[in-house]
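Report on one structure; see the data block that follows.
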Amino acid sequence: MTPAELSQSLFDLVLRLIERRREAGSASADLGLTVADVTLERPRNRDHGDWASSISMKIAKALGANPREIAGELAAGLEQIPGVASVEVAGPGFINIRLEAAAAGALAKTIVDAGENYGTGSTYAGIKINLEFVSANPTGPIHMGGVRWAAVGDSLARVLKAEGADVTREYYFNDHGSQIDRFARSVLASYLGEPTPEDGYGGAYISDIANKVVELYEGDLAALPRDEQQEVFRSIGVDLMFTEIKDKLHSFGVDFDVFFHEDSLHESGAVERAIERLREQGHIFESEGAIWLRTTTFGDDRDRVIIRSSGEPAYISGDLGYYLDKRERGFDQNLVMLGADHHGYVGRLMAMTEAFGDIPGQHHEILIGQMVNLVREGEPVRMSKRAGTIVTLDDLVDAVGVDAGRYALVRSSSDSQVDIDLDQWGKRTNDNPVFYVQYAHARTRSVARNAATSGVERTAFAPELLTHDSESALLGVLQEYPRIVALAAELREPHRIARYIEELAGYYHRWYDNCRVIPLGDEPVTDLHRTRLWLNDATGQVIRNGLGLLGVSAPERM
RNA sequence: GCCCCCGUAGCUCAGUGGAUAGAGCAGCGGCCUUCUAAUCCGCUUGUCGUAGGUUCGAUUCCUACCGGGGGCACCA
């Protein structure tokens with residue numbers, strides 16, 4: 001008895017009820033209901049049963065009937081379904097359904113049999129999705145803002161894959177613009193012993209880079225004219241910086257399928273082709289010596305320069321070519337994660353999407369995440385690459401480790417700003433919920449090991465024996481997992497996975513406290529013990545699957 | 001001025017129209033000769049920013065306002 005089967009049954013009952021009303025003349029029009037409208041909810045309050053539906057209140061008005069009366073009719077039908085133990089009508093017209101223990105408990109075996117596939121779905125089967133995230137400029141170590149998107153983006157990629165999508169993780173590597181020039185000038189200045197340029201970067205890493213470039217460069221650097229020196233520092237320095245970023249992300253468990261260089265768009269003519277395409281569509285015009293894209297046609301605040309009057313391409317020109325390139329590579333959906341400081345850019349990107357004839361929000365979707373604030377002893381610290389007051393990926397990992405770091409960044413909604421107090425994170429790691437979840441997993445493994453040595457095996461499976469309150473509660477939560485994964489994918493909100501496994505871990509701990517898998521002392525091993533082992537292993541599997549979607553390890557022991 | 005996000009327990013935050021709004025932390029008090037006490041149990045805390053509106057039902061949707069954050073370049 002899966003929720004899907006139950007809601008299908010309820011849907012059928014609703015259709016028949018509507019039919020009866022229509023024949024009796026009390027209902028006229030077709031309500032146009034689909035199965036999706038007949039949702040089952042898992043009530044917060046366990047007294048309200050295993051599943052509840054509010055469908056009678058939703059259709060009562062259209063049927064001109066009392067919701068409680070309708071609920072009563074539906075309840076009578078539901079009670080006939082095998083596996084349903086009891087049905088009650090409550091409050092204004094809720095239908096509360098209680099399943100038989102055997103019907104609910106069957107899930108434990110279903111999960112164990114499905115293994116790591118439990119919870120996966122097919123929402124995006126056959127869909128190619130490009131997920132672009134981090135894309136930090138290689139002008140310094142990756143800072144907390146970027147780290148947040150690394151954790152969230154990678155997790156989102158995993159969630160989308162779990163729903164069947166063919167996902168490409170992509171990093172847009174900006175090696176073209178003036179920020180790179182500033183970086184090069186800063187490194188050069190450090191090498192020459194000059195003060196940091198006014199618009200340059202001032203962190204300690206700049207002199208490290210300068211030293212390394214000097215080591216790596218094979219010619220006589222000192223003999224070169226200044227502009228050639230700068231080019232050496234630019235090319236080797238960017239390379240060093242970029243390699244470091246890649247390595248750090250890798251050690252954080254985040255690997256990209258494609259590193260896309262902005263330079264390549266300009267070199268390959270992709271930008272020009274994109275502009276040409278837009279020109280054909282009539283969205284390009286010239287004014288004041290510059291070339292513009294008429295984004296106001298598609299709701300942008302103002303039109304946008306794409307080629308400056310100097311002939312230099314503006315930043316957005318790269319995005320024109322880039323987006324077209326992604327579409328030509330066959331991606332059905334292109335997701336881009338940006339920080340809130342780039343939100344002003346969304347309007348023109350969506351306008352561009354429409355100018356190409358695509359649908360904003362479908363072919364191209366910008367996910368805006370709020371900023372990360374650094375806090376020290378309760379005081380906000382302004383993060384700035386230029387001032388050198390940055391907290392890097394390394395600082396985070398050094399302070400709390402990869403698992404706790406990833407978990408902390410992914411467990412809150414991207415719509416909320418997060419405050420990071422490294423002092424606090426560093427000394428109070430036990431407060432992090434990740435350990436609560438990991439401990440629950442380790443416990444399931446420990447129980448499994450002890451079961452093996454005590455002769456409790458997953459031979460018999462008698463789900464009708466799982467009658468303890470904590471068992472039906474645990475089963476109810478386990479049943480929700482596939483819906484949580486699907487929701488996380490649909491809403492692009494991986495934090496829902498984290499919140500879910502925290503809840504699951506709580507239900508597991510309480511079950512563990514109440515129900516023994518291994519018999520005490522000389523007591524014989526019974527089918528109840530064996531069946532509970534199934535439930536134990538099923539729970540471990542789901543926690544493991546959930547942690548996997550977050551890129552957090554599921555330890556065997558703690 | 002315009003746009004986006006947030007405002008929920010002392011703190012950090014969950015809760016995409018359902019029933020008595022939840023969790024962790026912090027505080028107080030309990031449970032280890034029995035599968036891991038990083039667990040569990042009990043106690044305590046709310047004008048869900050404010051005011052309207054839509055709805056059988058609003059923390060959730062709409063409008064206005066207040067407060068915090070972030071944006072509004074021929075920068076990237």
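Naming: A, B, ... by sequence-line order, numbering from 1 per chain.
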Determine the contact category for A/H342: base if any of its heavy atoms lies under 4.0 Å from a base atom, sugar-phosphate if only primed atoms, P, OP1 or OP2 are that close, otherwise nothing.
base
Counting only side-chain N and O atoms of A/S54, is one of them less than 4.0 Å from OP1 or OP2 of B/rG18?
no
Does A/R510 count as lying over the ring of A/Y507, i.e. NZ or CZ under 6.0 Å from the six-ring centre, within 45 degrees of the axis?
yes
Taking for each residue the nucleotide of RNA chain B with the nearest heavy atom, is it A/Q370 or A/Q179 whose nucleotide lies nearer the 5' end?
A/Q370
What nucleic acid atoms does A/S413 come within less than 4.0 Å of, heavy atoms only: base, sugar-phosphate, or nothing?
sugar-phosphate
Contact state string [nucleotides 55-60 of chain B, B base, S sugar-phosphate only, - no protein heavy atom under 4.0 Å]
-B--B-
Students often get this wrong, so: under 4.0 angstrom with heavy atoms, is A/R516 touching a base, only sugar-phosphate, or nothing?
base
Please work out if A/N96 contacts a base, only the sugar-phosphate, or nothing of the nucleic acid, heavy-atom cut-off 4.0 Å.
base
Classify the nucleic acid contact of A/A52 as base, sugar-phosphate or nothing, counting any heavy atom under 4.0 Å across all strands shown.
base
Is the distance between the ring centroids of A/H283 and A/F298 less than 6.0 Å?
yes
Would you classify A/E288 as touching base, sugar-phosphate or nothing, given that sugar-phosphate means primed atoms plus P, OP1 and OP2, and contacts are heavy atoms under 4.0 Å?
base
Against the six-membered ring of A/F285, is A/R294 placed for a cation-pi contact (under 6.0 Å from the centre, within 45° of the normal)?
yes
